[in-house]
2 protein chains.
Amino acid sequence: MAGKYVYFFGEGKADGKAKMKNLLGGKGSNLAEMTNLGIRVPAGFTISTEVCTIYYENKGKFPEGLEKEVEENLKKVEKTMGAKFGDTENPLLVSVRSGARVSMPGMMDTVLNIGLNDEAIKGLINQSGNRRFAYDCYRRFVQMYGDVVLGLKPEGKEEDPFEVLLDKKKREKGVKLDTELNGQDLEDLVKEFKVLIKKRKGVDFPDAPWQQLWGAIAAVFRSWDTKRAVEYRRINKIPSHWGTAINVQTMVYGNLGEDSGTGVAFTRDPATGDKRFYGEYLLNAQGEDVVAGIRTPHPINKLGKKDNNLISLEEVMPKVYKELEGIYQKIEHHYKDMQDIEFTIQKGKLYLLQTRTGKRTGFAAVRIAVEMVEEGLIDKETALMRVEPGQLIQLLSPIFGRKEKEEAIGDSKLLSRGLNASPGAASGKVVFATDEAVAMVNSGDEVILVRLETSPEDIQGINVAQGILTARGGMTSHAAVVARGMGKPCVVGCGAINIDYQKKKFSVNGKVIKQGDYISIDGTTGEVIQGKMSTYPSEIAQVLIDQTIKKEDSLIFQHFSKLMQWADSIRKLGVRTNADTPKDSKAARNFGAEGIGLCRTEHMFFEGDRIDAMREMIVADDIEGRKKALAKLLPMQRQDFIEIFKAMHDLPVIIRTLDPPLHEFLPHTDKEIKNLANKMNVPYEKLQAKVISLHETNPMLGHRGCRLGITYPEITEMQARAIFEAACEVDKQGIKVIPEVMIPLVGDVNEFVHQKRVVMKVAEEVMDKYGVKLKFLVGTMIEIPRACLTADEISKEAEFFSFGTNDLTQMCFGFSRDDAEKFLAEYMERGILKDPPFHTLDQKGVGELMKVAIEKGRKGRPDLEVGICGEHGGDPQSVKFCHRVGMDYVSCSPYRVPVARLASAQAVLEEKKKSS
Amino acid sequence: MAGKYVYFFGEGKADGKAKMKNLLGGKGSNLAEMTNLGIRVPAGFTISTEVCTIYYENKGKFPEGLEKEVEENLKKVEKTMGAKFGDTENPLLVSVRSGARVSMPGMMDTVLNIGLNDEAIKGLINQSGNRRFAYDCYRRFVQMYGDVVLGLKPEGKEEDPFEVLLDKKKREKGVKLDTELNGQDLEDLVKEFKVLIKKRKGVDFPDAPWQQLWGAIAAVFRSWDTKRAVEYRRINKIPSHWGTAINVQTMVYGNLGEDSGTGVAFTRDPATGDKRFYGEYLLNAQGEDVVAGIRTPHPINKLGKKDNNLISLEEVMPKVYKELEGIYQKIEHHYKDMQDIEFTIQKGKLYLLQTRTGKRTGFAAVRIAVEMVEEGLIDKETALMRVEPGQLIQLLSPIFGRKEKEEAIGDSKLLSRGLNASPGAASGKVVFATDEAVAMVNSGDEVILVRLETSPEDIQGINVAQGILTARGGMTSHAAVVARGMGKPCVVGCGAINIDYQKKKFSVNGKVIKQGDYISIDGTTGEVIQGKMSTYPSEIAQVLIDQTIKKEDSLIFQHFSKLMQWADSIRKLGVRTNADTPKDSKAARNFGAEGIGLCRTEHMFFEGDRIDAMREMIVADDIEGRKKALAKLLPMQRQDFIEIFKAMHDLPVIIRTLDPPLHEFLPHTDKEIKNLANKMNVPYEKLQAKVISLHETNPMLGHRGCRLGITYPEITEMQARAIFEAACEVDKQGIKVIPEVMIPLVGDVNEFVHQKRVVMKVAEEVMDKYGVKLKFLVGTMIEIPRACLTADEISKEAEFFSFGTNDLTQMCFGFSRDDAEKFLAEYMERGILKDPPFHTLDQKGVGELMKVAIEKGRKGRPDLEVGICGEHGGDPQSVKFCHRVGMDYVSCSPYRVPVARLASAQAVLEEKKKSS
């Protein structure tokens with residue numbers, strides 16, 4: 001029978017188990033579980049989270065009976081380990097560690113090597129045969145105890161007084177590293193440390209092991225309530241009353257000689273998901289040595305050997321390896337997931353220190369999940385929950401060869417790191433302007449477009465480039481958004497690069513890169529590398545898009561494809577795509593899109609000589625002039641729509657009418673205006689006056705969206721004509737079209753009504769002309785807070801809503817996407833906001849507005865079709881929110897479609913779990 | 001007993017009465033009421049609104065029994081008037097007019113002179129003795145009937161076919177005006193019109209009076225459902241099912257000779273409120289002649305005579321005048337309000353055609369309301385409802401002499417009209433730049449600051465100027481807002497003026513005005529006048545602010561003061577003021593402000609050499625540099641606050657921490673940057689880089705408000721120090737201070753918490769230092785939609801909310817105040833929005849957010865203090881909304897304080913009425 005406050009683990013039996021996480025914390029319950037599995041872990045016990053709560057309720061007093069329980073359990077530990085607390089022969093040393101329900105990394109304190117004093121040290125020397133090792137333990141213990149328990153660790157910038165003494169000692173001995181101090185030095189330091197404590201705190205360092213233990217327990221409980229822990233909990237919404245458990249556990253050492261060692265291992269390959277035991281170890285080492293990178297760790301088994309000089313554990317300790325193999329299989333089979341384990345070998349005896357679910361790449365996640373289903377370990381629903389939807393992006397992005405990149409970085413070719421705005425690898429010649437990019441591509445070059453930041457005029461450049469690098473802007477800057485939409489690698493906000501457009505070069509960390517020089521960017525990591533590197537399209541893209549690999553030849557495609565099928569059979573949310581071109585539409589369809597949720601028409605106005613007609617319209621003096629210019633655009637838009645409708649046959653296509661303010665179509669510098677005036681054959685003054693009159697202080701809140709369509713109904717009219725003429729023509733070819741016309745930036749029903757009338761009139765005219773009767777919808781983008789608040793009125797007129805959460809987020813927060821990155825980074829750091837709001841939907845504020853809009857919208861029209869076309873439509877957390885609030889579909893960029901499919905399936909499973 | 005569908009009025013007795021407006025429409029019920037009062041109105045009858053509803057329900061059929069009722073009632077009319085429908089001797093002619101519950105001016109149709117045909121015309125000639133007059137009536141009738149009943153009036157641009165014939169006739173006769181055609185010409189036209197009708201419609205013009213009457217009735221009912229009427233109702237939220245009533249009434253004519261006439265009169269002087277009968281008339285004229293301005297109307301009585309050549313009605317028809325005097329007294333006594341009446345004298349017989357509440361100036365409104373209470377006609381509550389709160393602004397604004405202005409305009413000195421952004425009159429020399437404005441004022445000039453638009457750097461210029469004129473911007477542009485805040489006359493958005501800063505001049509409609517030339521602007525009307533004109537401060541300001549007139553010598557002050565006292569005794573809403581200076585604070589206090597609701601601190605940073613310290617802070621490289629610069633600002637801010645606290649002793653003062661983005665403090669042109677770099681002794685490149693790095697695409701959504709305070713806590717800290725040091729010093733002088741610190745632009749509770757901590761820390765430090773314990777609050781401005789949606793979280797931390805409805809409106813609508821005027825004017829015109837949202841609070845959208853915020857806010861903190869400090873706090877409709885949603889106070893600019901006091905009293909009365 002378990003004690004009331006204290007739970008023992010050791011010798012194949014534990015009072016607790018994995019499911020007692022609330023009481024024992026994550027660490028404690030897992031140690032218990034392993035023990036129960038018959039796996040050898042250093043014996044110890046867990047003081048429950050209840051004690052923490054009582055400790056605080058009683059103003060720092062422990063509950064009655066705790067002392068006795070701790071004593072009894074420590075005795076069991078002594079017995080199990082065959083060692084004794086404070087013994088001069090074989091002293092038991094323990095660690096005291098926090099362990100809350102939820103991991104709070106680095107927030108609370110730990111004390112190691114408790115039980116050491118001037119007597120016990122003899123035992124440790126004796127046991128280890130290593131005086132220097134023993135005194136190093138002692139020195140660390142006194143320092144840690146002084147810092148944590150006695151409170152000598154200074155806040156802020158002041159230096160740790162123990163470190164000051166340590167530095168002094170090293171100077172005295174003329175050495176640089178701690179490891180260069182010998183046993184005597186360390187022994188001296190222990191004495192000096194104790195003197196310091198006496199001087200600073202007026203108390204003797206406690207030599208009695210029990211006093212040490214209780215001091216450490218109290219200190220760790222106290223660390224639950226430090227300022228930073230409280231702040232961390234506030235930000236992460238962890239209730240204070242949860243409290244932390246404390247684990248008191250026997251210390252084991254992997255650095256007691258060549259019969260000792262330590263290592264980490266994964267039950268399957270965390271990079272590829274391959275079903276093989278994978279890990280590294282070092283003999284005569286502590287855990288931190290394996291990860292510190294000073295010594296090169298050895299592979300755990302022969303299978304993992306790449307370098308014959310490094311002998312594997314399998315070879316050097318075959319018995320221990322055999323035991324470890326048995327353990328890993330047992331653990332994986334028990335937890336039914338790939339595990340990441342830590343072990344220590346102390347004098348030939350294997351101890352497991354930790355097991356936890358292993359982190360893995362997207363590739364590994366998909367493979368492991370699918371294969372575990374095939375192995376009968378888990379069911380499909382579990383498999384679906386095992387893959388982070390966002391990880392799928394990795395499977396779809398082009399890649400550099402791993403070796404080549406490592407070599408380049410080793411060779412000092414890493415120029416800088418920016419924000420990893422759009423994943424994938426790209427290599428090409430640097431170019432700074434769109435026209436030159438086009439020229440270079442036309443003459444056979446591959447280019448990387450490098451800009452301070454991009455604007456819609458750079459679309460053509462972005463389109464022809466292999467990748468985009470910008471010095472400014474954040475994850476939601478123009479370059480980032482467009483690149484993600486196109487599935488093109490992009491690194492933004494790389495502030496270290498200094499661009500000189502005139503001299504066509506940029507400098508970075510002392511290097512100068514000129515136009516025409518090769519660089520390589522990795523949008524998955526944000527790295528910018530000098531020189532050319534080979535890139536490879538993702539295998540899945542080669543199967544689905546390029547069709548250069550056959551399905552049956554691609555293992556990863558088959559895994560991916562199975563997972564997607566499972567997701568589709570479960571999800572309720574539709575998944576559409578944001579696509580502006582036939583090419584994107586086709587790609588999205590291959591990725592599983594069930595329609596177009598947002599086709600932006602403005603990009604169509606920038607291509608080739610279309611911008612000329614657009615500019616002619618803007619500069620026209622009257623409606624006749626505007627109509628003349630628009631007439632030139634009509635056949636081009638119509639042709640675009642014909643192709644898109646064909647690509648999306650049988651599926652709905654939402655087309656948004658013109659959205660950006662007109663000044664985006666005009667140049668802004670004097671020189672450009674002069675050139676354009678010449679080209680257009682209009683007086684410079686007239687063009688300049690137009691540019692000035694269109695200038696806006698806050699363009700994002702300016703004359704755009706339906707506001708433009710109301711001032712210039714002829715624009716909406718032309719677009720509606722292009723849409724319906726295209727639809728009728730395609731329909732006549734026997735191809736089914738489902739057009740949905742979307743009016744942007746509506747804030748009041750009257751705005752919508754105005755634009756709807758224009759659309760309906762044209763629709764009827766065109767259908768009459770063609771003698772075709774089409775089913776179509778006219779709806780609106782919901783992207784203005786006021787539209788949400790008056791959604792009942794709007795839905796009486798609008799047949800569908802599509803949330804434009806980019807703008808909605810801007811207005812709900814009062815953040816400008818173009819400007820906010822400056823302080824948003826700081827907001828994340830300080831924990832003022834938890835998630836970047838332009839990336840993950842802010843459910844509390846923006847989401848609240850959306851809920852209001854859906855509720856009111858369905859009040860006005862019960863069968864209202866509701867979707868989302870903001871970038872959040874491809875963010876897993878946001879997709880799940882969309883499911884929960886009852887939307888009909890999400891729409892995202894083509895490469896995000898699989899992400900949304902998986903996330904929406906997970907949403908169903910999470911809901912199911914919650915209600916069960 | 002009244003008929004079921006038709007209500008007679010005439011001969012001192014009517015079936016209806018004023019209270020039957022829903023059934024008889026506004027016009028019909030009022031005609032009935034006058035009849036019942038024994039006032040002679042031309043007899044007639046009203047067909048009820050029910051008939052309209054039935055007409056539409058039955059697809060254009062009249063209800064059974066209607067025909068009989070109409071016949072019976074027409075007989076009564078014939079009997080009353082002694083005339084007969086279609087008679088060749090004394091024909092009865094009638095008009096058919098619409099008359100809905102609510103006036104829908106110009107939306108529906110009217111047919112006059114029904115009953116004329118080739119027989120009846122003889123009678124009309126006979127009766128009038130005027131062949132030309134009779135045929136003119138006939139010609140108009142046929143045309144009107146053809147247009148309205150037979151549907152010949154073309155839509156759109158096409159010309160009225162009758163007008164085409166009329167023009168042809170005038171060309172044939174070589175005349176220009178209709179009045180130059182003689183009887184024969186008109187008789188010929190009648191024939192030609194009838195031929196036209198036959199040709200176009202294939203039917204004969206109906207000669208039978210009854211056929212004419214039913215045709216007209218049906219046509220007027222049909223006009224309830226024309227496109228424009230439907231649109232008007234949609235915009236004005238008038239339900240379609242209300243329907244319109246129809247009034248069939250005997251025609252009377254004031255143009256039958258020198259014993260006939262027509263006029264309009266007011267029962268009191270509508271300009272001053274003086275209790276005297278006031279009006280104008282013309283002999284031998286129709287109603288439209290009095291207002292058309294071709295003939296000069298004569299005064300109605302001897303009292304009104306200014307020009308002895310114009311003989312009054314009192315002199316020329318003493319009996320009729322006497323009768324009219326009796327009527328006006330009766331009517332005013334009956335309606336208990338000043339009335340605007342229309343009358344016609346037909347052959348010596350007086351008919352009243354209409355009475356309605358008379359429009360009046362603010363001066364008249366206050367005087368009439370107060371005097372009617374004193375006369376015992378109405379009670380105080382009624383008096384309070386009689387004055388439009390916004391009209392009070394007129395009473396407080398400086399004025400031009402009326403005569404002088406009329407002369408100037410007559411003399412072609414009117415340069416242009418802009419938007420009347422801030423009322424009042426100002427005259428001064430034109431100046432284009434702030435520094436020159438200051439220089440000119442220092443050398444004794446009065447100036448008008450003329451700018452394309454203003455920015456915070458112009459504050460000093462606005463401050464010293466008499467008035468402000470801008471070419472750009474709307475009612476909520478910087479110039480407009482600041483000027484209204486200062487109570488300074490301002491005309492904005494005067495697009496006709498072309499400013500040339502370099503040549504220091506502007507041109508307008510062919511005239512050129514140079515710097516130093518005098519202009520005068522009337523902010524009450526928007527007029528811009530060439531030359532100097534005398535201005536006078538309002539009498540009330542002379543009493544309250546300047547104290548150059550004694551209270552007992554000012555009648556208007558006494559009336560105003562009484563009304564204000566009545567308002568104060570009733571209202572529940574507190575009224576505070578937005579004031580940044582001791583001067584404004586004092587003025588506002590005199591106007592009745594009960595505290596400061598918003599003291600903006602940024603204006604304080606622009607004065608004198610403070611901006612230098614501010615700039616030093618901005619350019620500083622590190623926190624030490626910033627603190628050094630801020631230390632220079634501390635004593636100046638402290639002194640400002642000391643003076644404001646003293647001026648507002650015993651009342652709460654809300655001080656907002658720094659709000660605008662830092663780039664507003666730096667210059668933007670290369671030249672200015674160079675100058676400043678020199679002055680500051682920093683490299684030009686450094687300053688330029690700073691300007692570039694601070695540039696924002698959408699500054700309104702940028703790095704400002706609490707976002708600044710989070711990045712630079714030292715700014716908030718300095719401001720808190722200045723506030724609390726000032727408060728403690730004033731407190732030590734025995735003056736009671738109630739500081740409330742307001743954090744702007746909060747969107748998430750974590751932002752507020754961050755800033756609150758900074759403030760609290762300083763507050764405690766300072767109070768400790770002074771040994772003073774002050775009561776103070778720390779709260780937040782609610783101006784971001786997300787703050788409203790998460791108000792429950794925020795109010796757990798914030799002690800008060802103050803709605804910043806300017807920004808809240810911008811973000812709720814997605815409108816930029818600086819840019820939206822361009823299309824908002826169009827929105828108003830098209831009826832897409834009813835009220836300008838930056839002027840009158842949008843209750844449906846923004847108001848909904850506010851309701852959410854108040855409800856959630858009080859959930860988090862039941863005693864939360866809630867107010868508003870956006871400009872809407874001075875708009876009467878918005879003030880009433882604030883009352884209804886349960887706010888504690890509104891805050892507005894000093895000159896709006898009386899407006900808010902009255903509006904909030906009215907809100908109480910309206911609520912009382914609604915619940916009774």
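All values below were derived from every heavy atom in this structure, side-chain atoms included, with hydrogens, water molecules and symmetry-related copies excluded. Residue numbers begin at 1 in each chain, while the letters A, B, ... track the order of the sequences.
Residues of residues 691-701 of chain B having a heavy atom under 4.5 Å from any heavy atom of chain A, listed by number: B/I692, B/S693, B/L694, B/H695, B/E696, B/T697, B/N698, B/P699, B/M700, B/L701.
Every residue two or more places apart in sequence or in another chain that forms a side chain to side chain donor-acceptor pair (under 3.5 Å) with B/Y827 is listed here: A/E751.
The distance from atom CG of B/L849 to atom SG of A/C788, rounded to the nearest 0.5 Å, is 9.5 Å. To the nearest 0.5 Å, atoms CZ (B/F823) and CD1 (A/I710) are separated by 9.0 Å. The CG atom of A/L789 sits 10.5 Å away from atom NZ of B/K851, with the distance rounded to the nearest 0.5 Å.
Among A/E783, A/R757, A/Q810, the residue making the largest number of heavy-atom pairs under 4.5 Å with chain B is A/R757. Comparing B/G814, B/G702, B/G747, B/A787 by heavy-atom pairs within less than 4.5 Å of chain A, the highest count is held by B/G814.
The closest side-chain heavy-atom distance from A/N750 to B/L833 is not below 4.5 Å. A 4.5 Å side-chain heavy-atom check between A/D842 and B/R786 finds at least one atom pair inside the cut-off.
Only the side chain of B/T790 comes within less than 4.5 Å of a heavy atom in chain A; its backbone stays farther off. Both the backbone and the side chain of B/F813 have a heavy atom closer than 4.5 Å to some heavy atom of chain A. Contacts between B/H754 and chain A at a heavy-atom distance below 4.5 Å involve the side chain alone, from C-beta outward.
Scanning all heavy atoms of the two residues, the minimum distance from B/I784 to A/C812 falls at CG2-O, 3.1 Å. Residues B/D748 and A/I832 come closest through the heavy atom pair OD1-O, 3.7 Å.
A salt bridge links A/K844 to B/E793: at least one charged side-chain nitrogen sits closer than 4.0 Å to a carboxylate oxygen.
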#### Entry: Intermediate values then yes/no, side-chain contact (heavy atoms from CB on, under 4.5 Å), A/F815 and B/R707
CA-CA 10 Å; A/F815 287 162; B/R707 300 165 192 174; 3.4 Å; yes

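More than 12 heavy atoms of other residues, nucleotides or ligands lie within 6.0 Å of NZ in B/K686, so this atom counts as buried by the packing criterion.
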